[in-house]
Amino acid sequence: MAKILVFTELHGTHVKGVTLEILGKLAGHTVEVAAIGAIPSEATADLAKYGASKIHSLKGANLDKYSPEGYANALHGFIAAGNFDYVFAGATSLGKDLLPRVATKFDAGMASEVTNFIMEGDQFSGTRPLFAGKCFAKVELTGPRPHFVTVRPNALGLNANPTSGAASANDTAVDAGAITAMIKEIVKGASEKLDLTEANIIVSGGRAMKEAANFKILDELANVIGATVGASRAAVDSGFAPHAMQVGQTGKTVAPTLYIACGISGAIQHLAGMRTSKVIVAINTDPDAPIFTKADYGIVGDLFTIVPLLTQEFKNLLGK
Amino acid sequence: MNIFVCVKQVPDTETKIIPSADGSFIETSSIKWIMNPYDEFAVEQALLVQAANAGSTVTVLRVGSSKDTEALRTAMAMGADDAFFVEATDNLDSYSIAKALKGAILKSGKTPDLILTGKQAIDDDCLQVPQILATMMNIPSVTVVVEYSGSATDIVVKREVEGGALEVYGVKLPAMIACNKGINTPRYASLPGIMKAKKKPLTILSLADVGVSEADRRVKYSNFQLPPEKPAGKKFDATDAAKMGAVVKEVVGLLRTEAKVI
């Protein structure tokens with residue numbers, strides 16, 4: 001039986017949702033979880049509920065803030081000592097940056113951003129989109145172990161019937177080693193909400209938003225349904241929204257459960273970033289806009305009247 | 001400074017992607033190739049750093065198929081001094097590409113002060129090569145960089161993370177920096193630049209020359225296929241003010257009862 005580690009990150013007092021998705025998918029295997037730093041009790045309870053057999057809190061000097069070298073050294077040491085066959089993590093900002101570094105320290109390979117996978121006995125086999133979601137391929141790993149995998153958030157979904165595991169977190173000392181690229185400060189972003197790449201629901205605005213101030217109607221809708229607000233490249237290039245909000249090629253690739261495109265025509269560069277969303281709603285005045293070919297539910301109409309109506313209707317539905 | 005830029009050649013975004021008959025890769029014969037869009041930011045950054053540090057050279061590296069050398073010619077037309085091309089297939093994995101790039105840097109005979117790449121290639125979207133290469137070279141690296149400033153020995157870069165937050169790093173060179181959109185505005189190649197590029201040195205190497213073999217493969221892809229066709233969606237006309245309320249009510253209802261996402 002493969003010895004599996006899931007590396008997790010904390011989001012406030014909880015672990016990031018993608019960790020629980022991975023754990024749920026690995027039900028039936030013995031899976032350990034590790035995070036850098038102290039693990040709050042709420043996070044421990046979540047991890048236990050989804051089947052973590054052991055929970056490791058990795059502690060050491062110079063690990064209070066992320067550093068590529070420090071985290072890679074610490075995790076490399078821990079994984080080597082634990083003799084793991086597989087290491088999974090979410091394809092988050094940190095996961096995507098960190099895991100290839102750790103893998104290379106083992107001369108090992110990594111499968112990036114899989115959207116599904118199975119473990120056939122001791123062998124991993126995954127599926128992932130390539131060429132901006134225009135095709136899919138099977139991905140397998142070969143060469144030295146451990147093998148590394150990052151999983152796209154929201155792709156697997158949560159296991160409805162998880163098997164529970166251990167309940168406590170144990171401290172393990174790790175060494176961050178020498179750090180030459182050091183964080184001097186962290187400049188806060190505009191949004192405290194879930195990042196686009198991890199959001200379960202996204203409301204995006206395009207060129208038809210006309211100006212930055214109009215994004216507040218999207219914010220209002222987003223607040224009601226717990227969504228993160230995104231933007232098309234046209235909206236970003238017109239100065240309506242910062243680049244951090246851009247969905248699509250040269251922006252973020254997202255795969256939420258629900259994507260609501262408001263006043264977005266659906267250029268191929270935009271579709272590249274959101275075509276794997278589970279359900280797509282499009283609102284556009286142009287009945288021939290390409291976005292309608294990808295939309296599960298298309299509304300031909302003016303977003304400035306439709307979006308506030310949607311907000312009100314969701315409020316009624318959700319009893320807010 | 002010895003500045004290196006790694007570029008990848010990828011299918012143009014507009015290109016239709018067709019899996020090959022045996023599913024082992026995609027049909028590459030009719031593809032229009034372009035320089036990976038993120039790599040344009042890396043080339044531009046290299047030229048900006050070169051301009052700020054007299055006597056610096058910019059060397060472009062590429063690993064991939066020989067069908068077209070568009071990406072290298074574009075980089076040299078923009079202003080890069082010379083190029084190394086490692087002839088390979090288009091479906092190498094990240095580990096092999098990074099190892100080949102490291103080998104090409106060794107072959108150049110120059111010790112890098114700065115290596116620049118795009119943050120990801122839009123073909124396989126792996127976001128691995130920059131980190132693997134930096135780890136193999138044992139130099140610090142920062143990815144997803146949207147701001148760059150500094151001297152020939154010390155730089156400050158800003159890395160974009162969740163929610164648009166920025167991590168500000170102080171880094172001692174040599175280092176590897178992976179560029180994101182926003183770091184600069186790439187220049188267009190001028191006509192004289194394009195003419196001059198034709199005379200700039202381009203060294204061609206084989207995978208064997210840079211010490212890479214099939215044994216270096218870590219990731220195997222197979223079974224390339226088109227995504228499942230989505231059934232046609234439902235489209236509602238809400239241009240008539242009298243119908244808007246009913247349409248919105250119906251769509252919200254369907255999101256709950258049919259799509260089950262709310």
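Only a predicted model underlies this, so the values are computations on that prediction, with no experimental measurement involved. Protein chains get the first letters and strands the later ones, always in sequence-line order, with residue 1 at the start of each.
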Where on [X] is there a heavy atom nearer than 4.5 Å to chain A: the side chain, the backbone, both, or neither?
{"X": "B/Val247", "result": "side chain"}
{"X": "B/Pro11", "result": "side chain"}
{"X": "B/Val146", "result": "neither"}
{"X": "B/Lys230", "result": "side chain"}
{"X": "B/Tyr221", "result": "both"}
{"X": "B/Ser141", "result": "both"}

Looking only at atom types and distance, does a side-chain atom of [X] sit under 3.5 Å from a main-chain N or O of [Y], one as donor and one as acceptor?
{"X": "B/Glu167", "Y": "A/Ile183", "value": "no"}
{"X": "B/Asp39", "Y": "B/Gly118", "value": "yes"}
{"X": "A/Thr104", "Y": "A/Pro100", "value": "yes"}

Would you mind telling me which of [options] has the largest number of heavy-atom pairs within less than 4.5 Å of chain B?
{"options": "A/Lys252, A/Arg128, A/Lys96, A/Glu198", "value": "A/Arg128"}
{"options": "A/Asp296, A/Val281, A/Thr253", "value": "A/Asp296"}
{"options": "A/Thr257, A/Ile225, A/Leu309, A/Thr276", "value": "A/Leu309"}
{"options": "A/Leu99, A/Leu141, A/Asp107", "value": "A/Asp107"}
{"options": "A/Thr180, A/Val187, A/Ile268", "value": "A/Val187"}
{"options": "A/Gly109, A/Ala91, A/Ala137", "value": "A/Ala137"}

Options [options], ranked by heavy-atom pairs under 4.5 Å with chain A, top entry:
{"options": "B/Arg159, B/Lys243, B/Glu258", "result": "B/Arg159"}
{"options": "B/Ile155, B/Leu226, B/Ile132, B/Leu127", "result": "B/Ile132"}
{"options": "B/Lys16, B/Gln128, B/Lys119", "result": "B/Gln128"}
{"options": "B/Ile262, B/Thr15, B/Val129", "result": "B/Ile262"}
{"options": "B/Ile26, B/Val251, B/Asn180", "result": "B/Ile26"}
{"options": "B/Asp123, B/Val171, B/Thr239", "result": "B/Asp123"}

Out of curiosity, A/Tyr297 OH to B/Glu250 CD, how far, rounded to the nearest 0.5 Å?
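So the OH of A/Tyr297 and the CD of B/Glu250 are separated by 10.0 Å.
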Quick test of your reading of the model: are [X] and [Y] salt-bridged, counting only N-O distances below 4.0 Å?
{"X": "B/Asp93", "Y": "B/Arg218", "answer": "no"}
{"X": "B/Lys8", "Y": "B/Asp90", "answer": "no"}
{"X": "B/Glu162", "Y": "A/Lys16", "answer": "yes"}

Side chain, backbone, both or neither: which part of [X] has an atom under 4.5 Å from a heavy atom of chain B?
{"X": "A/Ala108", "value": "backbone"}
{"X": "A/Glu69", "value": "side chain"}
{"X": "A/Ala272", "value": "neither"}
{"X": "A/Ile283", "value": "neither"}
{"X": "A/Thr305", "value": "side chain"}
{"X": "A/Phe292", "value": "side chain"}
{"X": "A/Leu258", "value": "side chain"}

I would like to know whether B/Thr13 and A/Gln269 meet side-chain hydrogen bond (donor to acceptor under 3.5 Å, both in side chains); could you show each step before the answer?
CA-CA 7 Å; B/Thr13 316; A/Gln269 288 82 358; 4.6 Å; no
Please check if the number of heavy atoms outside [X] that lie under 6.0 Å from its [atom1] is greater than 12.
{"X": "A/Lys278", "atom1": "NZ", "answer": "yes"}
{"X": "A/Lys134", "atom1": "NZ", "answer": "yes"}
{"X": "B/Asp22", "atom1": "CG", "answer": "yes"}

Do A/His147 and A/Phe124 have ring centroids that are under 6.0 Å from one another?
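Ring-ring flag for A/Phe124/A/His147: false, centres at least 6.0 Å apart.
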Assess the pair B/Phe25 and B/Phe224: is the distance between their ring centroids shorter than 6.0 Å?
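So the answer is yes for these two rings.
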Residues in side chain to side chain contact (heavy atoms under 4.5 Å, CB included) contact with A/Leu98, at least two apart in sequence or another chain:
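Partners of A/Leu98 by the side chain to side chain contact (heavy atoms under 4.5 Å, CB included) criterion, ordered by chain and then number, come out as A/Phe7, A/Tyr66, A/Tyr71, A/Ala72, A/Leu75, A/Leu94, A/Val102.
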Have a look at B/Val157 and tell me which of B/Thr143, B/Val145, B/Ile183 forms a side chain to side chain contact (heavy atoms under 4.5 Å, CB included) with it.
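Result: among B/Thr143, B/Val145, B/Ile183, B/Val145 is the only option passing the side chain to side chain contact (heavy atoms under 4.5 Å, CB included) with B/Val157.
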